[in-house]
Protein chains: 2
Amino acid sequence: MPSQQSIRPREEEQFLRFLRGRGLRVTAARRALCREIFAQHGHIDADQVHAALAGAGHAVSRATVYRNLDLLVEAGLVHKVRLGGHRAVFEHVHAGGDHDHMACRRCGRIVEFVSPAIGALLTEICRAHAFDPGESRLQILGLCRACAASARPAALPLEAARA
Amino acid sequence: MPSQQSIRPREEEQFLRFLRGRGLRVTAARRALCREIFAQHGHIDADQVHAALAGAGHAVSRATVYRNLDLLVEAGLVHKVRLGGHRAVFEHVHAGGDHDHMACRRCGRIVEFVSPAIGALLTEICRAHAFDPGESRLQILGLCRACAASARPAALPLEAARA
DNA sequence: TCGACTGTTGAGACGGCATCTCAAAAAGCC
DNA sequence: GGCTTTTTGAGATGCCGTCTCAACAGTCGA
Ligand SMILES: [Zn+2]
Ligand SMILES: [Zn+2]
Ligand SMILES: [Zn+2]
Ligand SMILES: [Zn+2]
């Protein structure tokens with residue numbers, strides 16, 4: 001398969017380098033998974049990845065999807081996000097850099113936002129507590145504009161509980 | 001049981017008011033659960049609540065623990081927190097107000113912190129996106145001071161991925 | 001090129017946590 | 001106390017993810 005190789009995006013190159021650097025093998029499943037993730041935009045869960053691969057004629061088992069998604073996370077190419085404590089979703093790390101999420105409780109819509117100021121505050125807080133930060137998760141659950149409008153016109157406002 | 005009633009704390013009163021206001025019944029299980037949660041300090045998971053109740057001679061089923069913890073959350077008396085996407089932990093809402101969490105990946109220790117500045121930023125961000133905030137979850141996963149010290153003296157620093 | 005060595009895969013069992021089911025028990029109401 | 005409706009308990013079920021292990025397939029050296 002020569003032409004397939006030629007359009008291999010740089011993310012796949014990166015993944016292959018990561019694999020070789022670790023003494024791991026380059027397999028068909030890993031390449032297909034990597035290509036599929038970077039073909040998708042937005043957030044996608046493990047089962048959707050599984051289905052997408054099957055649809056693309058590269059069926060792999062669920063176990064393989066999970067294993068290699070973890071590998072992509074370790075390679076730093078993909079983020080694993082848990083919104084609302086349920087099923088984890090994955091998204092490729094895009095050039096823009098880090099972002100956080102607002103998730104609508106009603107329709108499930110996910111809105112992304114970037115706040116360098118928050119990142120700076122977190123760094124400062126960790127330093128103050130001598131805590132070595134690995135990863136931060138910041139999510140806001142609530143109602144998106146559309147759902148808030150259609151919800152209850154004269155509703156009692158939700159208290160803004162922080163948990 | 002007369003004296004038991006007399007020391008009933010105000011949180012239990014609040015819960016009872018919440019129940020009556022919803023047309024729900026005041027049961028022994030609900031009162032025991034409420035008392036147990038407010039007797040505990042810090043973070044406690046559903047099974048710990050279950051065990052604590054059994055130990056206190058108020059055994060209830062796991063299903064009842066889950067159902068009524070949800071009720072306490074709805075009443076706004078208890079927060080449900082998911083750290084690292086694993087087992088949910090509960091904590092009573094204490095007077096001091098909102099706080100967020102740092103969780104150690106190695107020993108599981110939970111450190112709380114308060115940052116009004118972050119709260120203000122979040123409010124601002126929600127306004128900018130016309131998003132009606134209900135609840136925010138901010139967690140930092142990493143290594144606590146003790147674990148970071150004992151981990152790897154000349155370790156390669158973890159990249160601070162934001163997810 | 002051809003094994004041999006070793007990492008990887010697939011199918012399904014398994015696990016933790018949470019929710020659901022439904023008959024029996026208890027709360028509220030008169 | 002008797003009636004109605006909610007709540008409970010025990011266990012089944014479900015979801016999401018991980019594990020097991022035999023078969024398979026990269027990789028590499030001969
Ligand atoms: Zn919405
Ligand atoms: Zn995102
Ligand atoms: Zn620690
Ligand atoms: Zn806390």
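Lettering of chains follows the sequences in order, A, B, ..., and the numbering in each one begins at 1.
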Q: Strictly under 4.0 angstrom, non-hydrogen atoms only: write out the protein contact profile of nucleotides 19-30 of chain D, one letter per nucleotide from the 5' end, B, S or -.
A: BB----BBS---
Q: Leu71(A) has an atom CG; how far is it from atom P of dG17(D), in whole Å?
A: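 So the two atoms are 17 Å apart, to the nearest Å.
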Q: Calculate, to the nearest 0.5 Å, the distance between atoms CZ and CG belonging to Phe90(B) and Leu69(B) respectively.
A: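 Spacing of CZ (Phe90(B)) from CG (Leu69(B)) equals 4.5 Å.
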Q: dT8(D) C1' sits how many Å from Leu33(B) CG, rounded?
A: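 Between C1' of dT8(D) and CG of Leu33(B): 13 Å.
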Q: Salt-bridged, Arg10(A) to Glu13(A), with N to O below 4.0 Å?
A: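 No, Arg10(A) and Glu13(A) are not salt-bridged.
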Q: Figure out the CZ/C1' separation between Arg22(B) and dT5(D), and round it to whole Å.
A: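 That distance rounds to 17 Å.
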Q: Using whole Å, what does the distance between atom P of nucleotide dC15(D) and atom CZ of Arg82(A) come to?
A: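 It works out to 16 Å between those atoms.
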Q: Specify the residue among Asp47(B) and Ala59(A) whose closest nucleotide of DNA chain C lies further upstream toward the 5′ end.
A: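 It is Ala59(A), whose closest nucleotide lies nearer the 5' terminus.
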Q: Under 4.0 Å from OP1 or OP2 of dG10(C): is there any side-chain N or O of Thr64(A) that close?
A: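 Checking dG10(C) against Thr64(A), a side-chain N or O does come within under 4.0 Å of OP1 or OP2.
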Q: Arg62(B) side chain N/O closer than 4.0 Å to the phosphate oxygens (OP1, OP2) of dA10(D)?
A: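 No, no such contact exists.
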Q: Just say parallel, tilted or perpendicular for the rings of His99(A) and His43(A), cut-offs at 30° and 60°.
A: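 Aromatic pair His99(A)/His43(A) classed perpendicular.
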Q: Using whole Å, report how far CZ of Arg30(B) lies from C1' of dA25(C).
A: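 That distance rounds to 14 Å.
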Q: Taking 4.0 Å as the cut-off, does a side-chain nitrogen or oxygen of Tyr66(B) come that near to OP1 or OP2 on dA18(C)?
A: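 The answer is yes; a side-chain N or O of Tyr66(B) sits under 4.0 Å from OP1 or OP2.
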Q: Mind checking the CZ-CG spacing from Arg137(A) to Leu141(B)? Nearest 0.5 Å is all I need.
A: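 Here the interatomic distance stands at 4.5 Å.
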Q: On the nucleotide dT7(D), are OP1 or OP2 found under 4.0 Å from the side-chain N or O atoms that Asn68(B) carries?
A: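 False: Asn68(B) side-chain N/O out of range (4.0 Å or more) of dT7(D) OP1/OP2.
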Q: Would you mind checking if Glu74(B) and Arg22(B) are paired as a salt bridge, meaning a charged N to carboxylate O distance below 4.0 Å?
A: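 Answer for the salt bridge query: yes.
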Q: Identify every side-chain donor-acceptor pair in residues 45-53 of chain B under 3.5 Å, counting partners at least two apart or on other chains, and give the distances.
A:
from, atom 1, to, atom 2, distance (Å)
Asp45(B), OD1, Asp47(B), N, 2.9
Asp45(B), OD1, Gln48(B), N, 2.8
Asp45(B), OD2, Arg87(B), NH1, 3.0
Gln48(B), OE1, Asp45(B), N, 2.8
His50(B), NE2, Val60(B), O, 2.9

Q: Could you tell me the separation between the CZ atom of Phe15(A) and the P atom of dT8(C), rounded to a whole number of Å?
A: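 Taking atom P of dT8(C) as the reference, CZ of Phe15(A) is at 10 Å.
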Q: Is a salt bridge present between Arg35(B) and Glu11(B), judged by a nitrogen-to-oxygen distance below 4.0 Å?
A: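 Judged by the 4.0 Å cut-off on N to carboxylate O distance, Arg35(B) and Glu11(B) do not form a salt bridge.
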Q: For the pair made of CZ in Arg87(A) and P in dG16(C), what is the distance, rounded to whole Å?
A: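 In whole Å, dG16(C) P and Arg87(A) CZ are 21 Å from each other.
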Q: dA18(C) P sits how many Å from Leu69(B) CG, rounded?
A: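 In whole Å, dA18(C) P lies 10 Å from Leu69(B) CG.
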